[in-house]
Structures are given as structure tokens and as C-alpha cells.
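Working notes, beginning with the structure itself.
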Amino acid sequence: MSIHRRDLLVKGAAGGAALLAAGAAASAAPRTHSPAARPRPPAGPGKHVPVPLPFKASSLTGISERMIKSHHDKNYAGAVKNLNAVENDLADLKPGAPGYLVAGLRERELLFANSVVLHEHYFGNLGGRGKRTGALDQRLGADFGASAWEAAFHASGAALGGGSGWVVLAFSLHDGSLRIAQSINHTQALALGAPLLVLDMYEHAYAIDYGADHASYIDAFFENIAWEIVEERYHRAHRAFAALG
Ligand SMILES: [Fe+2]
């Protein structure tokens, strides 16, 4: 559902008190998650380094330490390594390089760059207790229905079970709407969509713990969402949308 920018700002203001209250409650409760990572300056081509897990690997419910460490240390770190390699290869291209070579490297660059971004958001929104409060909760209820959005998000993940891809709750910086988008093979994404909540549906994210039972993995994912982080992303996207005018 698209909404008018002014309506969004009014809604945002109305939700501000709830957001502050939720933030106070979150800060009063013990937590296992590090604060949300702030945007970092670009590392530069070929110089990216993996971001550590923002929570203790053994602290998740229903997602084992072995599973999350394998995912982080092998799959995510591998994407960072490959992004560096392809960026270096692009930098080494000679003038007049064949178009197929340039196109192939650019396609891989996009794939690995998106993989890095999505993985960092995925790990960043885990490590919590799955309790949803605050302005985003109110907005999801208003836009989708109190529980309907969660069912839609879950179904979008289940639809990718046995395959590969991502489910992203995104804030559109184009029109201020919230959208549930699927990203297949890392390269499909909502244009101008700021990721708020990211679910990895590649089998490497759950096969060690659940085999082909992707539905149970999605249930575990919801139990571990750090909603205070997702809420902060929403707040940040809200400010960016307002600033873009
Ligand atoms: Fe992954």
C-alpha cells in the first residue's frame, strides 16, 4: 500500500512516543545483541572485511552454534572474499576487454555485493527474543493487519524452501511504503528499498539443524529476531525518506 509522504510523517510522529517507550523498555531489559551497526564508510574495492556476529553464537534459540558459525564463517565470509576478488579483477581489466568478460564480472560483483549486504542485515537482525513492539509494530498492523504481515512473510519464506533466496521486509524510499520482497540469487531487490528485516532462505542457513524442514527454521528465525534492531532500521529509513523530500 502506498501512502502519502505527509501521512507517513504524521504516523511517524504519532508513533514516536511508542518508539521512545519501546526503546526505554529494550534498554532496561538484559540483551544478548550488540547495538545496531552504524553505516560504515566504504572499505574500498578489494578491501572488505567480514563483520563479526553481533551476538554470542551459542545464544540463539533453535539455531545451533555450529549452524550459525558455519553460515557466518563460511558462506558470508566467502561472499566477502569473492567480492574482493571480483573487484580486483575489474580493476585489472585492460582497456578494450571483451564485453562478455566485463558483463560477467559486473554480474558477479552485484551478486556478491548484495550477498554481503543481505547477510550483514540477516545476522544483524538475529540475537533477540522475538518480541515485537514499537512504531514499526503499529505500522505493520495498520498496513497489513496485526498478524497478517507475519503470515505473509512466513509464507514468502516457505515458498523459497528447498530453493534459494531471501525474504526482505523493506521500507521503500520511493513512496514510503512497507513491502515484503523476495530476492532470488541475491540479485533481485526492491529498487530504493531499505532492508528492515531479512530472512536467509538458502539451504546453507538451516540444513545443518533442520534438513529440509524449512518451516521449522522460519519459526526459529522469528523467535530470535532482535526487533529493537529492526525498529532502529525503520526509524533510520523513516528519517532518510523524510530527508530525501
Ligand atoms: Fe546465507
Side-chain angles (χ1 to χ4, degrees), residues 32-34 36-37 39-40 43 48-87 107-128 130 150 153-170 179-190 193-227 229-230 233:
T32 59
H33 199 295
S34 302
R40 292 168 294 153
H48 307 280
V49 294
V51 175
L53 280 173
F55 49 83
K56 195 173 175 185
S58 60
S59 67
L60 300 181
T61 301
I63 299 176
S64 69
E65 180 176 4
R66 180 175 168 231
M67 177 70 261
I68 203 73
K69 288 184 77 170
S70 170
H71 192 182
H72 180 274
D73 297 352
K74 302 293 184 187
N75 304 105
Y76 161 60
V80 175
K81 183 178 177 183
N82 284 330
L83 177 60
N84 286 330
V86 77
E87 286 180 342
E107 187 275 330
R108 292 284 100 179
E109 179 192 32
L110 178 62
L111 184 149
F112 293 127
N114 280 7
S115 177
V116 168
V117 170
L118 290 167
H119 274 109
E120 291 180 4
H121 279 74
Y122 170 76
F123 294 121
N125 57 223
L126 288 177
E150 185 169 323
F153 192 94
H154 199 293
S156 299
L160 292 172
S164 58
W166 301 83
V167 183
V168 179
L169 172 66
R179 290 185 179 276
I180 296 173
Q182 288 182 329
S183 175
I184 311 298
N185 197 29
H186 308 299
T187 51
Q188 294 178 334
L190 177 68
L196 303 182
L197 177 66
V198 174
L199 166 63
D200 191 336
M201 283 305 301
Y202 281 76
E203 285 189 322
H204 67 229
Y206 61 87
I208 289 175
D209 287 341
Y210 292 101
D213 184 8
H214 53 265
S216 294
Y217 159 68
I218 299 171
D219 289 340
F221 170 81
F222 269 93
E223 284 189 51
N224 289 283
I225 294 174
W227 278 106
I229 303 297
V230 181
R233 290 174 183 168

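Quick caveat, the model's predicted, so the values are computed rather than measured. Ligands are counted one by one from 1 in listed order, and the atoms in each one are counted from 1 as well. Both backbone and side-chain heavy atoms feed into the values below; hydrogens, waters and symmetry mates do not.
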Within less than 2.8 Å, report the number of protein N/O/S atoms around the Fe ion (ligand 1).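 Atoms of protein N, O or S type lying less than 2.8 Å from the Fe ion (ligand 1) total 4.
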Below 30° counts as parallel, above 60° as perpendicular, anything between as tilted: where do the rings of Trp166 and His119 land?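 Answer is perpendicular, since the angle exceeds 60°.
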Side chains of His48 and Glu87: any donor to acceptor distance under 3.5 Å?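 The answer is yes; a qualifying pair exists.
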Between Asp213 and Ser216, do the side chains contain an N or O donor and an N or O acceptor separated by less than 3.5 Å?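 Distance-only check passes for Asp213 and Ser216.
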Please list all pairs passing the salt bridge (Lys or Arg N to Asp or Glu O under 4.0 Å) test where one or both residues lie in residues 114-124, with sequence neighbours left out.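 Those involving residues 114-124 are Arg40-Glu120.
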Going through the distances and angles, do Tyr122 and His71 end up as a ring-ring contact (aromatic ring centres under 6.0 Å, His included)? CA-CA 11 Å; Tyr122 170 76; His71 192 182; 5.3 Å; yes
Testing the basics here: between Tyr217 and Met201, what is the closest heavy-atom pair and its distance to 0.1 Å?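 Nearest pair, atom of Tyr217 first, then Met201: CE2-SD, 3.8 Å.
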